[in-house]
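We name chains A, B, ... by the order of the sequence lines, and we start the count at 1 in each one.
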Amino acid sequence: MADHVLEVKHLGKTFGKNVVLRDIDFTVDTGDVTCIIGASGSGKSTLLRCINLLETPTCGEILHHGKSIMEKGFNPSKYRAKVGMVFQSFNLFNNMTVLDNCMIGLTKVLGVKKEEAKKTAMFYLEKVGMAPFINAKPRQISGGQKQRVAIARALAMEPEVLLFDEPTSALDPQMVGEVLEVMRTLAREGLTMLVVTHEMAFARDVSSHVVFMSDGVICEEGTPQQIFEAPQHERTREFLERFRNN
Amino acid sequence: MPQTFGAKIIFILQNYGMTFLRGAGVTMVIAVVSTFIGLIIGFLVGIVQTIPTDRQQNPVKWGLLGFVRIILNVYVEVFRGTPMMVQAMFIYYGAAMLFRINMDMWTAAFFIVSINTGAYMAETVRGGILSIDPGQTEGAKAIGMTHFQTMVHVVLPQALRNIMPQIGNNLIINIKDTCVLTVIGTVELFYSSKSVAGAYYWYFESFTIAMIVYFILTFVCSRILRALESKMDGPDSYDLATSDTLAHTSGMTRFTERPEKDPKVDRFFSTRGDL
């Protein structure tokens, strides 16, 4: 059996009587850039939040290198340090500067020395083009800049896989461009990424694998060519059609 | 003997100025120390009230925490719901009667005011924690922080900033409310004023001075707390690091003006904190 970074098996999630996810199956391997697309409310974000254990799945399994992350006694903090997450609303720590935002995980979670942590943080801040702003507080920078810092913060932990939860949905078109540019670079460099997005061009050009979700189930999945050029499913066609018209 | 209002005041100040000062000193020490201890109590109670637990995952922890929470709720409700003056009598004489503990003036004063402030602060801190966007907690969890680390490094510093106005309120209330401690014989500002007034039957003059001293104390404290608040907010502008970012000794340029926004508007927003 191949060693998958993440393997989702028959995952289900209900909120009360609301069934949000049903029988989700897919795998993420090292170097994959998987994009999850679909209409709002189709369960994409919930799926991502389940993978990072911000939500507890109702049934099914999530395996990280073959080990279930839902067993009793599993340490979610250690796991999350390896599986990074970037949020739609950035979630930068408002009480810290840009640099401290990127260092705190290294020093407090991984126990890295301060100087080392600073070097690592600076390396990734430079990568996302935010190095000049290390002394700024989150409230002093723009949305696109915040998201780039948030990406640097996640990267600084040097995760095995990085989850993106609609990273550009709260941004204006110009800022969307700067954030996507950073993500394209990361994809080229071989970072394993799992991206929930409404940016169809990004999904088409950058991803190695596309998953289309609808009403809590995976409707169709395949290579970007398969999904975007020859969608098999009626729903996928409808969804993509609407995007093309906009 | 002086006859006019002004002359009486000057007479009192000359002869009993030190009494007033000592009273004011006692009032301030009790108010500041008790507010601080109360804040710590409030933080501890507030944190316990907001620990997330899952009944299914950890039933023992859930049960234990539930029990502790009931006790803390009783504490908060009882001490918020009864007058401090009555509490002072109850605790001071109760301790003597039931446990044969004769508290001295300071112990009794600190104990009563702290525990009272703690009950109010507990709710304030809880509100402060709830006011922090859940995204902050999620962001912290997502980089692998434990609940404790998230609280200490991310949530509580921001909650503290948000409840600063309420802490100021509590300090000022405490400065004024220490006067109820006269019932257990604490020689603070009100007690001193009453003694001086009683010596000559100059009540109006004596309490005019007390009014002024109380006002000066509260006003100075509220200004100091305001200054502390804006210090916590940090500067409006930030240093823009130049190309060599690792060597922080290299030239840093002061980035004072933000071109796209009116600096006045900016300052206005930044004083509102990080809500």
Side-chain angles (χ1 to χ4, degrees), chain A residues 49 52-54 56 72-73 75-102 104-110 115 118-119 122-123 125-126 130-142 150 153-154 156-157 159 163 165, chain B residues 52 54 56-58 131-162 232-248 251-255 258 260-261 266 269-275:
Chain A
R49 292 168 61 83
N52 206 13
L53 289 179
L54 289 174
T56 315
K72 271 205 167 163
N75 185 338
S77 300
K78 270 192 181 151
Y79 166 73
R80 290 195 189 111
K82 288 183 201 147
V83 179
M85 181 137 175
V86 174
F87 299 87
Q88 180 177 351
S89 50
F90 327 125
N91 296 351
L92 290 180
F93 308 134
N94 293 326
N95 56 326
M96 298 176 202
T97 62
V98 164
L99 182 62
D100 288 339
N101 260 286
C102 297
I104 183 109
L106 290 165
T107 52
K108 301 296 173 195
V109 177
L110 300 182
E115 301 89 74
K118 188 172 180 186
K119 266 183 207 159
M122 284 311 302
F123 175 77
L125 280 168
E126 226 151 281
M130 285 301 292
F133 297 91
I134 50 170
N135 297 318
K137 287 273 183 80
R139 68 177 139 90
Q140 294 164 323
I141 57 180
S142 74
R153 176 176 75 179
M157 301 295 289
L163 314 174
D165 185 9
Chain B
D54 195 336
Q56 256 118 51
Q57 268 179 353
N58 202 338
S131 77
I132 304 303
D133 174 19
Q136 296 284 309
T137 310
E138 288 186 354
K141 277 187 183 170
I143 55 170
M145 283 198 198
T146 59
H147 177 71
F148 182 74
Q149 288 173 327
T150 306
M151 275 296 180
V152 170
H153 300 294
V154 178
V155 176
L156 292 183
Q158 294 182 55
L160 180 67
R161 168 64 193 87
N162 285 355
M232 284 171 95
D233 285 339
D236 289 344
S237 56
Y238 52 90
D239 289 323
L240 199 63
T242 48
S243 55
D244 186 6
T245 43
L246 276 179
H248 58 275
M252 302 286 254
T253 51
R254 192 81 189 144
F255 189 73
R258 296 169 66 194
E260 74 279 13
K261 283 181 188 167
D266 232 34
F269 281 117
S270 64
T271 53
R272 299 188 350 184
D274 295 334
L275 273 172

Worksheet item: So which of B:P157, B:G139, B:A140 has the largest heavy-atom pair count under 4.5 angstrom toward chain A?
Response: B:G139
Item to complete: Identify which part of A:L92 has an atom lying under 4.5 Å from any heavy atom of chain B, answering side chain, backbone, both or neither.
Response: backbone
Worksheet, complete the sentence: One option among A:K78, A:R153, A:M85 has the most heavy-atom pairs under 4.5 Å with chain B, and it is A:R153
Discussion item. So A:K108 and B:V152, do their side chains get closer than 4.5 Å, heavy atoms only?
Written reply: no
Discussion item. Is there a side-chain contact between A:N94 and B:I132 in this structure, where contact means two heavy atoms from C-beta onward sitting under 4.5 Å apart?
Written reply: no
Worksheet entry | Shortest non-hydrogen separation from B:I143 to A:G105 and the atoms involved | CD1-CA, 3.7 Å
Worksheet item: For B:Q149, is it the side chain, the backbone, both or neither that has a heavy atom under 4.5 Å from a heavy atom of chain A?
Response: side chain
Worksheet item: Under the 3.5 angstrom rule, does the side chain of A:N95 hit a backbone N or O of B:H153 as a donor-acceptor pair?
Response: yes
Worksheet entry | Side chain / backbone / both / neither for A:F93 at chain B, heavy atoms under 4.5 Å | both
Worksheet entry | Contact check, side chains of B:K141 and A:N91, non-hydrogen atoms, under 4.5 Å | no
Worksheet item: What part of A:V86 gets closer than 4.5 Å to chain B, counting heavy atoms only: side chain, backbone, both or neither?
Response: neither
